K.L.:
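One structure is given below, represented as structure tokens, and several questions about it will come after.
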Amino acid sequence: MEADRKSDKKSAGSAGINAGGNVNIGNVSGQVAIGENIIQTQSIGQVDLEELRKSLLDFQERIAKLGLSSEDQSIINGDISAAIKEANKEKPVLSKIKERFESSVNTIKEAGKTIKDISELYETATKIAKLVGIGLSFLF
């Protein structure tokens, strides 16, 4: 079976890193990991963190003006409040903020609205999406 492989050549890097054969990674936007037991973290600068906090507060205020059902309003406020709470920590975890923001956007979509069609939210939502690393297509 070993003879059937087209490339048994491996190029060793540091401990635990091996590459071989035709390895090609292209068109990547953001972090990429291939393998097992990989942990990735994304950090955000202090200036960007302050902008994120302001944008989340602005987003929460604008949500109140959409006329959503009280149930949807409550779900979105809970998600955004949790995102704001995380953003206010000394060492916020960006993935938690991103998850909560995505959840709030999904609730807005389930309510039959899109960020694109809601001018009150569009600018703020796109700013948050960029800061947390979400593709803008997710908002639509």
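No hydrogens, no waters, no symmetry mates; every other heavy atom, side chains included, goes into these values. Numbering starts at 1 and runs along the sequence shown. None of the values given here were measured: they were computed from a predicted structure.
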K.L.:
Would you confirm whether Ser74, through its side chain, and Ser70, through its main-chain N or O, come within 3.5 Å as a donor-acceptor pair?
P.N.:
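No.
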K.L.:
State whether the number of non-hydrogen atoms from other residues, nucleotides or ligands found under 6.0 Å of Lys85 atom NZ is greater than 12.
P.N.:
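12 or below, so no.
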K.L.:
Write down the atom of Ile63, the atom of Gln73, and the distance for their closest heavy-atom approach.
P.N.:
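So the minimum-distance heavy-atom pair works out to O-OE1, 3.5 Å.
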K.L.:
Should the pair Lys96-Glu99 be classified as a salt bridge under the 4.0 Å nitrogen-to-oxygen rule?
P.N.:
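No salt bridge links Lys96 with Glu99.
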K.L.:
Could you tell me whether Glu51 and Lys54 have a side-chain N and a carboxylate O separated by less than 4.0 Å?
P.N.:
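So Glu51 does not pair with Lys54 through a salt bridge.
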K.L.:
Restricting to non-hydrogen atoms, name the atom on Gly78 and the atom on Arg100 that form the minimum distance, rounded to 0.1 Å.
P.N.:
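Closest heavy-atom pair between Gly78 and Arg100: O-NH1, 4.3 Å.
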K.L.:
Would you call Arg53 and Leu56 a side-chain contact if the rule is heavy atoms closer than 4.5 Å?
P.N.:
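No - every pair of side-chain heavy atoms lies 4.5 Å or more apart.
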K.L.:
Ala125 and Phe101: which non-hydrogen atoms are nearest, and at how many Å?
P.N.:
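So the minimum-distance heavy-atom pair works out to O-CZ, 3.7 Å.
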K.L.:
So which atom in Lys98 and which in Gly133 form the shortest heavy-atom distance, rounded to 0.1 Å?
P.N.:
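For Lys98 versus Gly133, the nearest heavy atoms are NZ-O, 3.6 Å.
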K.L.:
Check the hydrophobic clustering (I, L, V, M, F, W, Y; side-chain heavy atoms under 4.5 Å; chains of links allowed) and say if Leu66 and Ile75 are grouped together.
P.N.:
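Leu66 and Ile75: separate clusters.
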K.L.:
Between atom CG of Leu121 and atom CD of Glu61, what is the distance when rounded to the nearest 0.5 Å?
P.N.:
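Nearest 0.5 Å value for the CG-CD distance: 12.0 Å.
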K.L.:
If you take all heavy atoms of Ile97 and Pro92, which pair is closest and at what distance?
P.N.:
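Closest approach of Ile97 to Pro92: CD1-CB, 4.2 Å.
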K.L.:
List the steps and the verdict of side chain to side chain contact (heavy atoms under 4.5 Å, CB included) for Asn88 and Ile84.
P.N.:
CA-CA 6 Å; Asn88 284 324; Ile84 292 167; 3.5 Å; yes
K.L.:
Considering only NZ, NE, NH1 and NH2 on the basic side and carboxylate oxygens on the acidic side, decide whether Asp58 and Arg62 come within less than 4.0 Å.
P.N.:
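Judged by the 4.0 Å cut-off on N to carboxylate O distance, Asp58 and Arg62 do form a salt bridge.
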K.L.:
Indicate the atoms forming the closest heavy-atom contact of Ile115 with Val105, along with that distance.
P.N.:
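Minimum heavy-atom separation between Ile115 and Val105: CG1-CG1, 4.3 Å.
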